[in-house]
Amino acid sequence: MTQTQFTPRVFSGIQPSGGLTLGNYLGAMKRFVDMQGPEFETIYCMVDLHAITVWQDPAALSHNTRELCAGYIAAGIDPEQSILFNQSQVPEHAQLAWIFNCVARMGWMQRMTQWKDKAGKNTQNASLGLFAYPALMAADILIYHATHVPVGEDQKQHLELTRDIAIKFNNDFGVDFFPVTEPVIEGAATRVMSLRDGSKKMSKSDPSDMSRINMTDDADTIAKKIRKAKTDPDALPSEVDGLEDRPEARNLVNIYAALSDSSAAQVLAEVGGKQFGEFKPMLAELAVEKLSPISSEMARLMGEQSEIDQILARGAEKARAIAAPILKQTYEIVGMVGAASR
Ligand code: AQP
């Protein structure tokens, strides 16, 4: 563990690997907004270098990066208060990632469940970048000496690896340089599940559009997707224990709880005993009420492309002002000639 007092600083990112989903919003973005305030410096990123670990059409990548930026702002991230940028504009991420590629062990990467899920059976054909993804993620966080990282449940293992990399670097070089970052995995919807299969995470890249709510879906589409969401024939229970072995019911209750800033227990106290025929329209109404203002603001911002590009460029400049000195010190610690005079 480190003894150094680090500035309380939040870093997190989202991949522009598709359109934003309700899972990204509830598990990550909404909580990024909550963490904006006097307690922390906040740095939020569109992690485009991560996105290309699987094939991305170049035009779609640019579009999705801008749309994600619009999503951050529409959801409540203030680019004056938080640093908002896309990863590839700050080369220090990739530079530190290389150092971490040399610190992390192959065995650590091989244990990552996201690697196993995304590479599937054909690991020989997966990109080297996909395998090394967690080292780049560690660099994203540690290049800012971030102390807190809000993420969804699926990123827990990668954050543990980030801590392992920080500890190993500090031990290998006999320094107390990188913080051992705290994951912040909180709220009612840390793992929003697919609307078609309660055992699968809601994901941007799921081939079925009916499995997810996109932040750009209109009111009718949201209502239709919720109406068609897979459920079971029983009424909702009055207590959380009654959701055990009912993953689809639990998912819809958790989504309702997160959208209404309450807990599953509070929701069930209100809706326990209702059939899905009654609960689904309530959920659809709430989802439309909360998401429509965000999607219409995203659409408006997407009409202002040059403004988005300027916000990203300004954000990248501010990010580099923090990242460059940390990279310089890292190079000095590692023994790279010339680092001290840069
Ligand atoms: N279903 C989810 N429930 C809660 N949180 C979620 N997150 C993603 N899906 C859910 C959180 O969103 C943040 C950004 O995730 P990401 O875009 O970097 O990558 P991901 O986790 O791989 O998300 P997707 O949607 O599944 O993307 P693809 O399909 O491209 O792999 C993270 O904090 C994540 O936990």
Side-chain angles (χ1 to χ4, degrees), residues 10-35 42-57 60-61 64-65 67-69 71-72 75 77 86-87 93 112-120 126-127 129-130 133-134 136-138 140-141 146 148-162 181-209 211-216 225 229 247-248 250-255 257-259:
V10 169
F11 174 90
S12 202
I14 299 182
Q15 296 184 77
S17 48
L20 259 180
T21 69
L22 181 67
N24 298 135
Y25 175 63
L26 293 178
M29 197 174 262
K30 186 168 182 293
R31 298 173 41 246
F32 299 173
V33 177
D34 295 340
M35 292 186 92
T42 42
I43 306 176
Y44 298 123
C45 190
M46 282 120 264
V47 285
D48 46 9
L49 296 175
H50 279 283
I52 61 164
T53 55
V54 297
W55 168 251
Q56 302 294 328
D57 171 74
L61 180 66
N64 291 335
T65 303
E67 191 177 76
L68 183 52
C69 181
Y72 271 114
I77 298 297
N86 59 311
Q87 188 184 25
H93 287 240
M112 295 296 109
T113 54
Q114 181 171 299
W115 157 250
K116 292 183 205 162
D117 291 347
K118 287 200 171 174
S127 74
L130 187 65
Y133 184 113
L136 177 58
M137 181 164 159
D140 297 337
I141 296 164
H148 293 75
V149 185
V151 282
E153 179 71 37
D154 61 319
Q155 294 299 328
K156 189 167 181 237
Q157 198 185 27
H158 286 166
L159 283 180
E160 279 160 8
L161 195 127
T162 297
T181 305
E182 283 301 324
V184 187
I185 302 173
E186 287 168 0
T190 53
R191 192 172 178 82
V192 178
M193 308 309 280
S194 157
L195 298 179
R196 308 302 301 164
D197 177 351
S199 67
K200 259 172 73 181
K201 190 187 79 149
M202 183 181 286
S203 189
K204 320 179 187 79
S205 54
D206 191 311
S208 164
D209 192 56
S211 70
R212 62 178 162 265
I213 293 175
N214 305 301
M215 294 302 286
T216 48
K225 287 179 175 176
E248 285 86 12
R250 184 176 40 233
N251 190 35
L252 296 189
V253 169
N254 283 343
I255 292 174
L259 285 170

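Both ligands and their constituent atoms are indexed starting at 1 by order of listing.
Across all their heavy atoms, His93 and Leu136 have their closest contact at O-CD1, 3.8 Å. When every heavy atom of Thr162 is checked against every heavy atom of Ala138, the shortest pair comes out as OG1-CA, 3.6 Å. Shown here for Ala51 and Gln56, the closest heavy-atom pair between the two residues is O-NE2, 3.0 Å. Residues Cys45 and Asn86 approach most closely at SG-C, 4.3 Å, considering heavy atoms.
Nearest protein heavy-atom neighbour of atom 19 (O) of ligand 1: Gln15 NE2, 3.1 Å. Counting only heavy atoms of the protein, atom 30 (O) of ligand 1 lies nearest to Ser17 OG, 2.7 Å. Looking only at protein heavy atoms, the nearest one to atom 13 (C) of ligand 1 is Ala28 CB, 3.6 Å. In terms of protein heavy-atom proximity, atom 33 (O) of ligand 1 is nearest to Gly152 N, 3.1 Å. In terms of protein heavy atoms, atom 5 (N) of ligand 1 is closest to Gly23 O, 3.3 Å. When only non-hydrogen protein atoms are considered, atom 21 (O) of ligand 1 lies nearest to Asp154 OD2, 2.5 Å. Nearest non-hydrogen protein atom to atom 20 (P) of ligand 1 is Lys201 NZ, 3.4 Å. Residue, atom and distance of the protein heavy atom nearest to atom 15 (O) of ligand 1 are Asn24 ND2, 3.7 Å.
Contacts between Thr190 and ligand 1 below 4.0 angstrom, taking non-hydrogen atoms only, involve the backbone exclusively. If you look at Lys204 next to ligand 1, the close heavy atoms, those under 4.0 Å, come from the backbone and the side chain alike. Within the 4.0 Å heavy-atom criterion, the part of Lys118 lying near ligand 1 is the side chain and not the backbone. Both the backbone and the side chain of Ser203 come within contact range of ligand 1, each with a heavy atom under 4.0 Å. Contact annotation for Ser205 and ligand 1: heavy atoms of both the backbone and the side chain come within less than 4.0 Å of the ligand.
How far CG of Leu161 is from CD of Gln114: 12.0 Å, rounded to the nearest 0.5 Å. The CE atom of Met215 sits 10.5 Å away from atom CD of Glu67, with the distance rounded to the nearest 0.5 Å. Separation of atoms CE (Met46) and SG (Cys69) is listed at 4.5 Å; rounding is to 0.5 Å.
One option in Val192, Val54, Ile185 has a heavy atom closer to atom 3 (N) of ligand 1 than any other, and that option is Val192.
In this structure a side-chain-to-backbone donor-acceptor pair under 3.5 Å is present from Thr65 to Leu61. Within the 3.5 Å criterion, the main-chain N or O of Pro150 finds a donor-acceptor partner in the side chain of Ser12. Remark: the backbone N or O of Met193 is paired with a side-chain donor or acceptor of Asn251 at under 3.5 angstrom.
When each atom of ligand 1 is checked for a heavy atom of Arg191 under 4.0 Å away, the hits are 3 (N), 4 (C). Within ligand 1, counting atoms from 1 as listed, the ones closer than 4.0 Å to a heavy atom of Gly27 are 4 (C), 5 (N).
For the pair Thr21 and ligand 1, no heavy-atom separation below 4.0 Å is found. Distances shorter than 4.0 angstrom do not occur between any heavy atom of Ala51 and any atom of ligand 1. In this structure, Ala189 counts as a contact residue of ligand 1, since one of its heavy atoms falls inside 4.0 Å of the ligand.
Using a cut-off of 4.0 Å between Lys/Arg side-chain N and Asp/Glu carboxylate O, Asp209 and Lys225 are scored as salt-bridged.
Ligand 1 has a nitrogen or oxygen under 3.5 angstrom from a nitrogen or oxygen of Met202. Between Asp206 and ligand 1, no N or O atom pair is found at a separation short of 3.5 Å.
Using a 30° and 60° split on the angle between ring planes, Tyr133 and His158 fall in the tilted class, from 30° to 60°.
Here His148 and Phe11 keep their ring centres 6.0 angstrom or further from each other.
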